[in-house]
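Worth knowing before you read on, the calculation uses all heavy atoms, side chains too, and leaves out hydrogens, waters and symmetry mates. Remember, it's 1-based here, ligands and their atoms both numbered in the order they're listed. Given the structure is predicted, the values throughout are model-derived calculations rather than measurements.
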Amino acid sequence: MKRTCLLIHILTLFILPTQAQKFEGLAMTPPMGWNSWNTFGTDINEDLVKGIADAFVEFGYKDAGYTYIVLDDGWMAKERDDNGNLVADPEKFPAGMKALADYVHSKGLKFGLYNCAGTKTCAGYPGSRGHEYHDALLYASWGIDYLKYDWCNTGDLNAEEAYITMRDALYAAGRPVVFSICEWGDNEPWKWGKDVGHLWRISGDITPCWDCELGHGNWSSWGVWRIINMREGIRAASGPGHWNDFDMMEVGNGMTTSEDRVHFAMWAMLASPLIMGNDVRIRDEATIKILTNREVIAVNQDPLSKPAFRLIDEGDFEIWIKPLSGDDWAMCFVNMTKSEKALDFDWHFEHIGDNTINRTLDIQAKTYGIRDLHLHKEIGSTGEKLSAVIPGHDCLMIRLTPLK
Ligand code: GAL
């Protein structure tokens with residue numbers, strides 16, 4: 001009898017394919033962290049990472065919920081070693097990646113790396129194509145918690161298949177890894193990414209401007225509003241464990257404080273991952289205040305996990321709304337012009353609701369209190385008009401909560 005059981009067990013192991021999958025239970029709310037690319041490009045090293053980890057703790061980023069520190073392109077030596085292993089650039093990372101991961105972990109944070117589905121990364125370092133299982137084992141041995149996986153030099157690879165291969169390799173290696181799909185939205189990952197990764201970029205690279213396109217020959221990078229407006233109909237694709245990724249943030253990287261406030265508010269509203277892209281070692285109070293605003297972060301991390309949508313576009317003003325858990329709502333009134341504008345919003349004038357979840361802001365039956373998430377104070381209720389003066393390229397971000 002025992003022998004039959006053993007035989008069945010062995011047959012199951014060999015005949016039935018192992019059900020590969022992504023790691024479930026990770027990124028149940030949008031991942032929060034930092035990535036090196038926007039500010040440092042390939043000019044990265046271990047002191048930078050340690051300094052970032054220290055700043056996470058010192059300036060309150062860790063307490064605000066930021067967890068992942070991710071090294072982007074440029075961490076490797078130009079060649080694999082004789083055993084086919086990726087090698088951390090010995091000049092940039094003399095102590096090696098395991099030691100660096102240990103340092104980040106010792107701060108109670110998590111550590112991530114970048115690679116690419118192609119033969120080379122976008123900056124010309126060794127890619128993972130044909131080495132997926134080998135690389136995944138190496139990452140696991142180093143203690144890597146997050147992998148951003150890019151799409152340069154991929155030839156005629158099928159994106160979904162290539163990302164599934166890396167997903168399966170990570171799963172087989174056994175260490176839970178948040179898998180970040182980065183193929184710029186070219187292959188509509190919102191249609192297939194849910195079972196493959198935990199987040200997927202929906203656009204090409206961001207650049208720190210309100211609404212510009214910056215050409216680089218055969219590709220462009222995009223300002224905040226270009227990215228927000230780039231895709232139609234992807235809202236429903238986001239949810240616990242699988243998020244539309246509007247790219248690493250540019251808060252603190254050169255836009256005005258007002259524009260940074262809108263950028264952060266919108267990433268929170270859209271339930272985008274909140275991955276900082278600035279030099280967080282710099283003690284810049286305005287930037288720290290924006291990025292650690294817990295009331296705004298709570299909107300992003302809300303357990304209902306529904307992204308915002310544009311409720312009203314008046315040209316000068318855009319009004320965005322995000323249903324929250326309980327019977328709360330977040331709203332963002334964005335002044336799209338460069339000059340100050342007066343807002344005079346009559347709650348009785350508009351039907352406000354989210355048809356996809358059958359929820360209405362029922363101001364006939366209930367009165368909602370209004371809280372300003374930037375000033376951290378109550379500013380009235382839906383019983384009266386909402387009046388405010390909003391500076392150019394700034395926003396009023398509020399939370400509505402039914403009054404008892
Ligand atoms: C791009 C990617 C950027 C950055 C860069 C590194 O493809 O969108 O976020 O990772 O590659 O070379």
Side-chain angles (χ1 to χ4, degrees), residues 30-45 48-49 52 68-78 86 88-89 92-93 111-129 135 139 144 146-155 157 159 162-163 166 177-190 193 197-209 212-224 226-228 230-231 243-254 263 267 272-279:
M32 295 173 65
W34 176 87
N35 173 297
S36 52
W37 185 255
N38 287 0
T39 296
F40 298 96
T42 58
D43 189 13
I44 50 182
N45 59 57
L48 168 68
V49 174
I52 298 288
Y68 292 94
I69 294 187
V70 181
L71 274 178
D72 208 282
D73 211 348
W75 61 266
M76 294 175 237
K78 284 280 179 186
L86 294 169
D89 183 317
K92 296 173 177 172
F93 302 97
F111 188 48
L113 287 178
Y114 160 103
N115 208 327
C116 193
T119 48
K120 285 195 180 305
T121 72
C122 301
Y125 297 88
S128 270
R129 184 167 185 182
D135 293 350
Y139 301 147
I144 299 307
Y146 184 113
L147 179 68
K148 173 174 169 184
Y149 205 50
D150 210 348
W151 192 241
C152 282
N153 305 301
T154 44
L157 273 186
Y163 281 95
M166 194 66 219
V177 171
V178 170
F179 188 34
S180 158
I181 297 171
C182 174
E183 52 68 79
W184 320 303
D186 287 1
N187 303 277
E188 304 183 309
W190 44 88
H198 301 93
L199 59 158
W200 49 79
R201 282 269 297 276
I202 60 109
S203 72
D205 292 6
I206 194 169
T207 196
C209 67
C212 68
E213 175 181 351
L214 195 63
H216 308 274
N218 57 358
W219 63 283
S220 290
S221 43
W222 309 94
V224 167
R226 291 295 177 110
I227 292 182
I228 294 170
M230 196 166 285
R231 309 290 178 191
W243 306 99
N244 289 321
D245 173 6
F246 289 72
D247 206 354
M248 291 94 67
M249 295 182 288
E250 294 280 19
V251 175
N253 282 347
H263 175 17
W267 261 229
S272 176
L274 298 179
I275 309 292
M276 302 180 285
N278 56 315
D279 185 350

Participant: Could you check L113, L86, D89 and say which one makes a side chain to side chain contact (heavy atoms under 4.5 Å, CB included) with M76?
Facilitator: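 Result for side chain to side chain contact (heavy atoms under 4.5 Å, CB included) with M76: L86.
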Participant: One pair to check against side chain to side chain contact (heavy atoms under 4.5 Å, CB included): D205 and W219. What are the steps and the verdict?
Facilitator: CA-CA 9 Å; D205 292 6; W219 63 283; 4.0 Å; yes
Participant: Would you tell me whether Y139 and N115 have side-chain atoms, one donor and one acceptor, within less than 3.5 Å of each other?
Facilitator: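 Yes.
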Participant: Mind checking what makes salt bridge (charged side-chain N to carboxylate O under 4.0 Å, His left out) contact with D279, not counting sequence neighbours?
Facilitator: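 Expected list: R281.
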Participant: Strictly under 4.0 angstrom, heavy-atom based: which residues surround ligand 1?
Facilitator: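 Lining ligand 1 at under 4.0 Å, by heavy atoms, one finds W37, D72, D73, Y114, C122, K148, D150, C182, W184, R201, D205, M248.
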Participant: List for me each residue that meets salt bridge (charged side-chain N to carboxylate O under 4.0 Å, His left out) alongside D72, sequence neighbours excluded, and say none if there are none.
Facilitator: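 Partners of D72 by the salt bridge (charged side-chain N to carboxylate O under 4.0 Å, His left out) criterion, ordered by chain and then number, come out as K148.
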Participant: Taking salt bridge (charged side-chain N to carboxylate O under 4.0 Å, His left out) as the definition, give me every residue that meets it alongside R226, ordered by chain and number, with sequence neighbours left out.
Facilitator: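 Applying salt bridge (charged side-chain N to carboxylate O under 4.0 Å, His left out) to R226 gives D211, E213.
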